[in-house]
Amino acid sequence: MIRFVLSRVALVIPTFIGITLLTFAMIRLIPGDPIELLAGERGVTPERHAELRAEYGFDKPMMVQYWDYISGVVQGDLGNSIVTRQPVLNEFFALFPATVELSLCAMIFAVFIGIPVGILAAVRRGSVFDHSVMGVALTGYSMPIFWWGLLLIILFSGILQWTPVSGRISLLFYFEPVTGFMLIDSILSGQEGAFTSALSHLILPTVVLGTIPLAVIARQTRSAMLEVLNEDYVRTARAKGLAPRRVIGIHALRNALIPVITVIGLQVGVLFAGAVLTETIFSWPGIGKWLIDSISRRDYPSVQGGILLIATTIIIVNLLVDLVYGLINPRIRHQR
Amino acid sequence: MTESTQTISANDTPSAPGPLAEFWADFSRNKGALSGLIVIVLITFVALFADVIAPHPPAEQYRDAFLVPPAWTDEGTSKFILGTDAVGRDILSRLIYGARFSLSIGAIVVTLSLTVGIALGLLAAFSRGAVEIAIMRIMDMMLALPSLLLAVVIVAILGPGLFNAMLAISIVYLPHLVRLTRAAAITEMSKDYVTASTVSGAGVLRLMFITVLPNCMAPLIVQATLSFSSAILDAAALGFLGLGAQPPIPEWGTMLAEAREFVLRAWWVVTFPGLAILITVLALNLLGDGLRDALDPKLKKQ
């Protein structure tokens with residue numbers, strides 16, 4: 001097991017170095033003067049320009065620049081935002097919980113609907129239910145989620161007036177963040193109605209962000225379940241006279257879930273990409289919206305640091321999924 | 001009696017159906033795939049003849065008709081079937097011209113990434129050693145970021161715009177194509193017919209593109225169809241984020257971005273461009289699924 005963990009961790013390191021090369025090169029590839037990009041100063045005097053050049057280390061050889069960059073990264077120094085002059089790392093972690101809360105809720109939504117629906121569709125293969133589930137899943141998979149979000153806003157915020165259009169909580173409430181998760185903080189604050197307000201803000205973004213993972217999980221669960229239901233051991237279990245519920249729920253499901261867990265792990269990247277769109281639609285103050293705002297404000301240090309941190313998060317989560325996968329499935333652990 | 005038996009045996013000797021006929025038989029059995037194909041043909045037709053079909057020029061602003069609802073509502077007029085947007089442009093006409101953009105985006109992205117992807121994949125498969133490792137490691141690194149995010153980064157570097165968005169999406173789709181090509185090519189290269197042409201003196205380029213490549217096409221065609229639909233979706237997403245096609249180009253995602261602020265006042269401005277994206281992408285995905293089922297021999301036998 002230790003060998004397995006170490007080999008997986010070793011595989012991640014070159015990927016991480018590759019990402020740092022990408023973000024390092026990014027600032028230098030953008031057309032225009034990197035000093036102006038990094039310092040946000042336009043029309044600087046030649047003296048100030050040289051001063052800044054030395055300050056940012058652009059006068060050093062490329063290798064030395066990269067070394068300086070990566071030693072900064074390892075120590076958590078990702079530079080300062082041009083707009084707010086705050087360290088990029090602080091900005092990122094101030095907004096990160098909002099994205100995590102939204103992504104977690106979306107994932108829970110997708111898993112708790114997708115898996116049961118997928119199982120039922122497989123068990124009733126060829127039924128009307130099966131066909132409609134697969135039809136809806138394919139539609140969900142093809143959905144431009146930015147449009148889906150707008151449609152839900154028209155229906156639930158416009159016509160029915162059930163949910164608010166944007167933000168994380170009504171402006172009537174204010175409390176200091178404790179966990180950064182609005183649902184938990186609103187309960188901790190003890191203010192009446194705060195939790196309901198936070199929940200009502202969360203519902204539509206959750207549905208929008210969860211739609212594509214839901215479709216993928218339902219499809220994957222169905223096909224994995226169909227495959228397992230054809231196995232000999234399932235037939236044996238049935239022949240022994242076990243209740244169908246037990247055969248499907250315990251014998252078949254356990255093996256069917258292995259590929260489903262892989263797919264759930266792969267959805268982490270999808271969630272981050274989707275968060276960019278979902279947060280933009282609902283003005284959700286998370287890192288997706290922050291990234292797009294930083295791009296439009298030409299705040300390149302923030303974009304550079306944000307991409308590095310998002311990629312690192314995805315790499316770490318994928319690594320964890322990989323390890324958990326090895327834990328539950330010995331066949332993976334003992335490969336090679 | 002005997003005569004008729006003879007004619008049958010003479011004309012209908014059990015000759016195997018050609019690969020194309022067999023493919024079509026498998027493909028047309030799939031109703032979803034067939035309807036996807038029909039929709040795509042229709043959209044292509046609309047895109048090609050946009051000048052004739054569209055009732056109004058796409059950029060024409062009717063100053064007396066801002067945010068007119070669709071024709072079937074009470075305030076609508078038959079002049080603007082799907083209504084007008086905030087500056088008085090006919091939405092239907094813009095959607096029709098938008099089909100041109102979306103289909104060209106898909107076609108250009110697929111051509112670009114398929115060409116480069118096949119070249120890199122074959123290069124990796126044939127060179128082995130350091131070149132192969134370098135290519136495959138770079139592709140792995142690109143897979144660490146989700147494709148839309150990587151495209152956002154590339155557009156942030158290159159600057160927003162339709163051309164740069166297409167370029168970014170093409171780059172982002174490379175890893176899957178390179179991996180597929182390399183895997184298929186390596187499998188083929190171990191087969192006898194490749195050894196035979198090597199022995200008979202075929203050059204590397206001939207081996208790559210004439211001997212091996214045609215036998216690797218099935219998975220690549222499927223991936224290309226699915227990339228076509230994701231390219232349309234991703235380009236629309238970039239347009240929506242303000243990083244793709246810039247107004248007043250009637251690209252569907254860009255139209256949605258312009259319509260966002262009217263979401264609660266004028267539902268039709270928001271609804272129709274998104275519906276166009278959904279229908280196109282859905283049809284392409286149905287088509288891709290059908291192609292995969294018809295081309296994948298493992299699935300065919302079931």
Side-chain angles (χ1 to χ4, degrees), chain A residues 11-12 14-19 21-23 25-27 29-32 134-135 138-139 141-151 153-155 157-159 165 268-277 280-281 288 291-292 294-296 298 300 303-304 306-307 310-312 314-315 318, chain B residues 32 36 137-138 140-160 229-230 232-234 236-243 252-253 256-257 259-260 262-286 289:
Chain A
L11 274 177
V12 161
T15 314
F16 178 74
I17 294 175
I19 296 292
L21 278 172
L22 175 79
T23 50
M26 203 185 124
I27 287 288
L29 287 174
I30 292 170
M134 285 305 104
L138 189 68
T139 314
Y141 184 70
S142 312
M143 188 67 90
I145 59 167
F146 42 98
W147 175 65
W148 179 224
L150 295 175
L151 277 193
I153 289 179
I154 292 179
L155 180 61
S157 308
I159 300 173
V165 179
V268 176
V270 176
L271 283 178
F272 268 102
V276 170
L277 294 166
T280 306
I281 302 167
L291 191 69
I292 296 299
S294 299
I295 289 177
S296 59
R298 303 175 73 80
Y300 288 109
V303 178
Q304 186 188 26
I307 289 294
I310 292 172
T312 311
I314 295 173
I315 293 174
N318 283 342
Chain B
R137 288 317 305 179
I138 292 173
D140 283 351
M141 284 165 199
M142 288 170 69
L143 283 175
L145 271 180
S147 60
L148 182 66
L149 264 185
L150 190 56
V152 165
V153 178
I154 298 175
V155 173
I157 296 174
L158 299 174
S229 69
S230 341
I232 292 178
L233 208 50
D234 284 352
L238 287 178
F240 180 75
L241 291 172
L243 299 171
W252 294 337
L256 269 178
R260 246 186 80 194
F262 305 103
V263 60
L264 291 180
R265 279 203 281 147
W267 57 269
W268 59 93
V269 193
V270 175
T271 310
F272 299 120
L275 201 60
I277 301 173
L278 177 63
I279 291 173
T280 314
V281 173
L282 187 60
L284 281 166
N285 281 341
L286 282 169
D289 280 357

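Interface remark: A:Leu22 contributes side-chain atoms only to the contact with chain B (heavy atom separation under 4.5 Å). In this structure, no portion of A:Phe16 lies under 4.5 Å from any heavy atom of chain B. For A:Ile292, the part lying under 4.5 angstrom from a heavy atom of chain B is the side chain only. For chain B, no part of A:Leu271 is nearby; none of its heavy atoms comes within less than 4.5 Å. For B:Asp289, the part lying near chain A is the side chain, with the backbone staying farther off; criterion is any non-hydrogen pair under 4.5 Å. Looking at A:Ile153, the atoms closer than 4.5 Å to chain B (heavy atoms on both sides) sit in the backbone and in the side chain alike. In this structure, the portions of A:Leu150 lying under 4.5 Å from any heavy atom of chain B include both its backbone and its side chain. For chain A, the nearby parts of B:Thr271 are the backbone and the side chain; heavy atoms of each come within less than 4.5 Å.
Nearest heavy-atom pair, B:Leu149 versus A:Ala273, reported as atom, atom and distance to 0.1 Å: CG-CA, 4.3 Å. Scanning both residues, A:Gly158 and B:Leu264, for their nearest heavy atoms gives CA-CD2, 3.5 Å.
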Applying side-chain contact (heavy atoms from CB on, under 4.5 Å), run through A:Trp147 and B:Ile277 and close with a yes or a no. CA-CA 9 Å; A:Trp147 175 65; B:Ile277 301 173; 5.8 Å; no
Give the C-alpha distance, both sets of side-chain angles, the deciding distance and a yes or no for side-chain contact (heavy atoms from CB on, under 4.5 Å) between A:Leu277 and B:Leu148. CA-CA 10 Å; A:Leu277 294 166; B:Leu148 182 66; 3.8 Å; yes
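Interface summary for chain B: among A:Pro144, A:Pro14, A:Gly135, A:Gly18, the most heavy-atom pairs under 4.5 angstrom belong to A:Pro144. When the candidates A:Ile281, A:Ile19, A:Ile145 are compared by the number of heavy-atom contacts under 4.5 Å with chain B, A:Ile281 comes out ahead. Chosen from B:Leu145, B:Val153, B:Leu282, B:Leu158, the residue pairing most often with chain A at heavy-atom distances under 4.5 Å is B:Leu282. Ranking B:Leu275, B:Asp234, B:Leu150, B:Leu243 against chain A, the residue ahead of the rest is B:Leu275, based on heavy-atom pairs under 4.5 Å. Of all the listed residues (A:Val270, A:Val276, A:Leu138, A:Ile315), the one sharing the greatest number of non-hydrogen pairs under 4.5 Å with chain B is A:Leu138. For the set A:Leu29, A:Thr23, A:Thr280, A:Asn318, the count of heavy-atom pairs under 4.5 angstrom toward chain B peaks at A:Thr280.
The salt bridge (Lys or Arg N to Asp or Glu O under 4.0 Å) search around B:Arg137 returns B:Asp140, not counting sequence neighbours.
Summarising the geometry, atom CD1 belonging to A:Ile154 is positioned 10.0 Å from atom CH2 belonging to B:Trp268; distances are rounded to the nearest 0.5 Å. Taking OG of A:Ser142 as the start and CG of B:Leu284 as the end, the distance is 9.0 Å to the nearest 0.5 Å.
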